[in-house]
2 protein chains.
Amino acid sequence: MVEHTASEKPATRATTDGSVYEGLRRRLQAVVANLAAHEALPTERELAEQYGVSRTTVRRALRSLEDKRLVYRVQGAGTFVSNTTVSKSLSLTSFSEDMRERGWRPGSRIVTADEVPAGAEIGADLQIAADEPVVRLIRVRLANDSPMCLESVYLPAAGVPGLLEGGLEGSLYEKLARYGERPARAEQVVTATSVDGADAALLDIAPGSPALRIRRIGLNRRDHPIERTVSIYRADRYDVSFAVLRDE
Amino acid sequence: MVEHTASEKPATRATTDGSVYEGLRRRLQAVVANLAAHEALPTERELAEQYGVSRTTVRRALRSLEDKRLVYRVQGAGTFVSNTTVSKSLSLTSFSEDMRERGWRPGSRIVTADEVPAGAEIGADLQIAADEPVVRLIRVRLANDSPMCLESVYLPAAGVPGLLEGGLEGSLYEKLARYGERPARAEQVVTATSVDGADAALLDIAPGSPALRIRRIGLNRRDHPIERTVSIYRADRYDVSFAVLRDE
DNA sequence: AAGTGGTCTAGACCACACA
DNA sequence: GTGTGGTCTAGACCACTTG
């Protein structure tokens with residue numbers, strides 16, 4: 001028998017968000033924001049009583065904050081507020097989301113939008129045959145109207161019929177969602193490169209300038225590739241930040 | 001009352017590893033290795049019965065496999081083997097570990113080993129005053145005896161007395177462990193750059209060649225910076241691979 | 001010694017997928 | 001509808017840190 005022990009704070013069930021621990025995470029995140037670095041949070045057992053939830057649920061919320069690098073835990077000692085505001089999360093975002101997070105206004109200029117055979121390399125990445133058609137969309141992506149990167153997206157044409165006929169403005173991810181496809185995760189490979197004459201002109205940099213090349217393969221929830229993107233970022237304007245953990 | 005329901009497989013308690021779920025994870029990982037992509041695992045309830053553990057523990061082990069991108073789960077459908085062998089984990093490794101994972105033999109050639117004032121930038125990264133001394137260790141790191149990257153490590157000198165007097169061969173992480181300091185996580189920033197004359201000579205590449213610049217700040221379990229490293233990797237020999245998730 | 005986070009159990013209900 | 005993973009409870013014991 002499961003009985004929700006009614007408490008002074010009804011634990012935000014059946015409100016906007018789905019789960020109790022998610023609501024609790026948000027409340028704790030607000031609490032953490034008002035604490036100094038290395039300050040201790042209440043103990044798990046205290047939090048459980050305060051918010052009228054089980055300790056398991058508290059731990060779940062704290063784990064979520066820990067994953068976001070907002071708190072750290074030391075066995076036997078307690079849970080503490082993390083050090084820095086650094087720790088950008090490494091989540092799968094669109095170019096537009098990414099730019100807005102960095103405080104810039106995203107924009108776009110289409111270079112190419114057509115349908116071509118996949119070819120060997122792209123076919124392999126998307127797990128389709130080399131002669132299958134793919135939609136190719138090449139854009140100069142802008143930040144505050146200035147070139148930030150040159151982005152080439154390839155999508156299996158079979159999955160997105162009529163995409164090229166609709167307007168190509170706005171979020172590509174939103175359009176994919178309308179086809180019922182949404183990337184749940186992505187594999188990324190980051191390399192350094194230098195940009196040659198043609199691409200350099202589009203990016204408005206001198207030939208031979210260094211750049212970050214990011215190849216991304218977007219996978220749906222069932223682990224099938226649905227998108228393959230290569231982005232060439234100006235080295236003077238962009239970096240990739242993330243946190244890594246010992247072990248895992 | 002907690003009673004361990006004895007089962008045919010005693011769930012590897014009190015063997016080499018610490019926890020039941022960790023042992024179960026390893027067993028399941030071996031099972032997964034013998035299944036084809038997208039093949040379904042047994043249900044959580046079946047696994048719980050088979051291995052004589054609670055469903056909570058099974059879920060914990062599966063979550064761990066999911067974090068490693070070895071399986072994916074679909075609510076209402078099941079748990080399935082992931083697609084590719086790609087998905088290098090993004091864990092905090094030393095240069096030597098990293099090279100061995102890539103199948104190369106790591107090596108090292110010391111360029112500079114001394115003690116200097118931190119200065120503004122490095123002091124800020126290590127959260128010490130600019131006039132505090134730091135140990136500076138600059139090395140050309142080799143893969144199969146050929147230059148792979150130029151690595152500059154800075155450590156607060158107060159934390160590692162006598163480090164420079166001992167031999168500087170072998171693993172720096174091991175030496176740090178002897179001082180009781182071990183990085184638990186790290187913040188990394190990856191940028192592209194081009195390498196100038198002096199560094200280019202050390203890396204044995206033409207001046208102006210592109211390179212990956214990785215700045216890493218290693219933090220201990222209590223979120224204090226203990227190490228600051230800048231590595232300049234040859235673009236023709238190195239990349240950074242990782243997976244990103246939607247939301248988080 | 002006391003208190004903290006870490007692991008684990010047994011059982012309930014909820015949300016979603018699929019036939 | 002049936003079965004799956006997702007959430008949640010209440011309570012126990014273990015491993016570790018700290019006064």
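Within every chain, numbering begins at 1; the chains are lettered A, B, ... in the order of the sequence lines, protein sequences first and strands thereafter.
Which of D:dG6, C:dT7, D:dT4 sits closest to the side chain of B:E44 comes down to D:dG6. Closest to the side chain of B:Q75, out of D:dT9, C:dC16, C:dG5, is C:dC16. Comparing C:dA17, C:dT4, D:dT18 by their closest approach to the side chain of A:R221 singles out C:dA17. For B:R59, the side-chain atoms get nearest to D:dG6 when compared with the rest of D:dC8, D:dG6, C:dT7. In the set D:dT9, D:dT4, D:dT18, D:dT18 carries the atom at the smallest distance from any side-chain atom of B:R222.
Distance, B:L24 CG to C:dT9 C1': 15 Å, rounded to whole Å. Between the CD atom of A:E46 and the P atom of C:dA2 there is a distance of 18 Å, rounded to whole Å. Atom-to-atom, CZ of A:F80 to P of C:dT4 comes out at 11 Å; the value is rounded to the nearest Å. For the pair B:Y51 OH and C:dA10 P, the computed distance is 18 Å after rounding to whole Å. Per the geometry, CG belonging to B:L47 stands 11 Å off P belonging to D:dT4, to the nearest Å. The nearest whole Å value for the distance from the CD atom in B:E49 to the C1' atom in C:dT9 is 15 Å. Rounding to whole angstrom units, CD of residue A:E22 and P of C:dA15 are separated by 16 Å.
Of the listed residues (B:E151, B:Q188, B:R141), just one forms a side chain to side chain contact (heavy atoms under 4.5 Å, CB included) with B:S231, and that residue is B:E151. Of the options B:D114, B:L164, B:I122, B:L155, a side chain to side chain contact (heavy atoms under 4.5 Å, CB included) to B:R136 is made by B:D114 and by none of the others.
Looking at A:R60, its side chain has no donor and acceptor atom pair within 3.5 Å of the base of D:dG6.
B:R45 has no side-chain polar atom (N or O) that falls below the 4.0 Å cut-off from OP1 or OP2 of C:dA12. A sub-4.0 Å separation between OP1 or OP2 of D:dC16 and a side-chain N or O of A:R73 is absent. Contact check, A:T57 against D:dT7: no side-chain N or O comes under 4.0 Å of OP1 or OP2. At C:dA10, none of the side-chain N or O atoms of B:R55 fall inside 4.0 Å of OP1 or OP2 (strictly under the cut-off). Between B:T56 and C:dT7 there is no side-chain polar atom (N or O) within less than 4.0 angstrom of OP1 or OP2.
For B:G78 and A:G76, each mapped to the nucleotide of DNA chain D holding its nearest heavy atom, the one lying further toward the 5' end belongs to B:G78. Residue order along DNA chain D, read from the 5' end via each residue's closest nucleotide, puts A:Y21 first among A:Y21 and A:V74. With DNA chain C read from its 5' end, the first of the two nearest nucleotides for B:S54 and A:L41 is the one closest to A:L41.
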CA sep, side-chain torsions, deciding dist, call: A:D98, A:T93, side-chain hydrogen bond (donor to acceptor under 3.5 Å, both in side chains) | CA-CA 6 Å; A:D98 190 15; A:T93 55; 4.7 Å; no
Do B:V134 and B:I128 pass the side-chain contact (heavy atoms from CB on, under 4.5 Å) test, and can you show the C-alpha distance, the side-chain angles, and the key distance before you say yes or no?
-> CA-CA 10 Å; B:V134 293; B:I128 58 177; 3.7 Å; yes
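Under 4.0 Å is where a charged nitrogen must lie from a carboxylate oxygen, and between A:E22 and A:R25 at least one such pair does.
For the pair A:E181 and A:E227, the minimum side-chain heavy-atom distance is 4.5 Å or more. Using a 4.5 Å heavy-atom cutoff, the side chains of B:E121 and B:R228 are in contact. Between A:Y51 and A:V58, every side-chain heavy-atom pair lies at or beyond the 4.5 Å cut-off.
Within the 4.0 angstrom heavy-atom criterion, no nucleotide atom of any strand lies near A:R63.
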5'-to-3' dot-bracket of DNA chain C (Watson-Crick, G-U; under 3.5 angstrom; crossing pairs as [ ]; | other strand) | ||||||||||||||||||.
